[in-house]
Amino acid sequence: MIDILLVRENPDLVRASQRARGADESLVDQVLAADEKRRASITEFESLRAQQKSVSKSVGAAMGKLAGARKSGSGDVETLQQEADEARTRAAELAAKVKQREAAADQEDKEFAALIRELDNIVIDGVPAGGEDDFVTLETVGEPREFDFEPLDHLTLGERLGAIDMERGAKVSGSRFYFLKGAGARLSNALMAYAQSIAVEEGFTPLVVPTLVSPATMGGTGYLDAHEDVYHLESADLYLTGTSEVALAGYHTDEIIDLSAGPLRYTATSTCYRREAGSYGKDTRGIFRVHQFTKTEMFIYCTPEEAVAEHQNLLRIERRLLDGLELPYRVIDVAAGDLGGSAARKFDCEAWVPTQGKYRELTSTSNCTTYQARRLNIRQRGDDGKTSFVATLNGTMLTDTRPIVALLENHQQADGSVRVPRALQPFLGTDVIRPA
RNA sequence: GGAGGCGUCGCCUAGUCUGGUCUAUGGCGCCCGCCUGCUAAGCGGGUUUGGGGAUAAAACCCCAUCGAGGGUUCAAAUCCCUCCGCCUCCGCCA
């Protein structure tokens, strides 16, 4: 959610942001109209309520006097009784009116709230305009490898190594499920251990988090807007999270956090669940696009002023991890139309996948500025004692499945074995993976 | 899963039975001021969070807020209903 004050004071900025995303510009004027309507309604209702309260209070006073008069036998009990009754009648009339105006004000406030939630986050200056294909490549690291033999794809390699078993995954759970076995399972664990060790080195606090969350948490992080990708457990009314970002963002919901000692940096490894609905026919081979994988995620709470620097920090850490895996990759500045509603800027790291002849997304980091915090009501207290919304950022350290794809394909050798990059060796306990 | 208890503005706490001077009590902590060679003590004042109005900005005025949401009533921390969380006991269990 963006700040209504910003919409009021600088509507052109909001319009420009919507335009860059290819989103609806007229929403800005709808929001402004709804805001005005709602404020007029609130003012009317509140002044009426103030009247009602003061009349109602006089009923109490009258009753008090009446009781006193009755007890002592002094004073005109009848007159006092009449006064009390009259006040009560007037209060009852006002109460009915107040009820009406309150309902109207509530309705208009709801309409306003629904509209402003539709506005996407303000895109940061410099983000390329346009859609999915309009990204800007910031840097390319390493070179796609020249093979002096015909490279195999990750599934063929994985099966030969006894590392990936799609058939049994499908048998047990259906399509896009899999088993990792032997070296495959060990690679998954090693990648997470590698990520966790770097996370701690970089000053992140590790958490073990819930992967089933309430509708409120899911909605607050904005993931319910992308409904088709989310698993919902009807019997318990809980959602399976597609990333631990959900729990990490929900962690400080409704809190006023202390950022005086610097940003709060958290990391969590969790199983991630994605329906991948609507991706039929896409990436159907192997474990590139699956319903379940494991991911170590970073999450940062900081002041809005620190957000851009923290975003660069997350990108640096992601690159550090990929460098360690010795993969060729590029960094892209994702275009406005491909950001998702919460992000103001997003950098993806895409690794080279030899048998696809393409760079594919391995990690991604988003700067959500105050958009997510506003929805989740996460604030900090400034030096002036006033509260303000914090900025949130998230980034992938590593997942297991896609890096395994990239590692197997890029580091395969003519004899069917796979070289293990040095950084991973301590966690895997070997420098080469051979057929089991 | 069953039974019972509890949830008050940072923390503790009064108020809930018996609805109305409750403008939610008091203490601790914190902040400002006075006093003071310094510190402490003492004294005085302030101290939830949203929202609306007012303002150059404040001061200020108003509305809501006693776990959340409904209801009853002229009036709800207080009565009724639903939900959530915590604690105790019982059952079950890796």
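In what follows, every chain begins at residue 1, and chains take the letters A, B, ... in the order their sequences are listed.
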A:N394 backbone acceptor or donor facing A:T365 side chain under 3.5 Å: yes
Any idea which of B:G50, B:G20, B:C62 is nearest the A:R379 side chain? B:G50
Reckon A:K53 has a side-chain N or O less than 4.0 Å from the OP1 or OP2 of B:C74? no
Of A:T43 and A:T89, the one whose closest RNA chain B nucleotide lies more 5': A:T43
Salt bridge present between A:R38 and A:E111 (N-O < 4.0 angstrom): no
Starting from the 5' end of RNA chain B, give me the residue, A:K57 or A:Q52, whose nearest nucleotide shows up first. A:K57
Watson-Crick or G-U counterpart of B:A58, or none if no pair lies under 3.5 Å: none
Answer yes or no: does a side-chain N or O of A:R38 lie under 4.0 Å from OP1 or OP2 of B:G52? yes
Shortest side-chain distance from A:S56, nucleotide among B:G52, B:G50, B:G20: B:G20
Pair assignment for B:C43, Watson-Crick or G-U wobble, requiring both distances under 3.5 Å: B:G33
Do A:N189 and A:F427 make a side-chain contact, defined as non-hydrogen atoms from C-beta onward lying under 4.5 Å apart? no
Paired with B:C86: which nucleotide, if any, by Watson-Crick or G-U wobble criteria at under 3.5 Å for both distances? B:G5
Nearest heavy-atom pair of A:A268 and A:S244: which atoms, and what distance? O-OG, 3.4 Å
B:C62 phosphate, OP1 or OP2, under 4.0 Å from A:R49 side-chain N/O: no
With a 3.5 Å cut-off and heavy atoms only, can you find an N or O donor on one side and an acceptor on the other between the side chain of A:E46 and the base of B:G51? yes
Using a cut-off of less than 4.0 Å, is there contact between a side-chain N or O of A:R88 and OP1 or OP2 of B:U73? no
Tell me which nucleotide, if any, is Watson-Crick or G-U wobble paired with B:A64 when both distances must be under 3.5 Å. B:U49
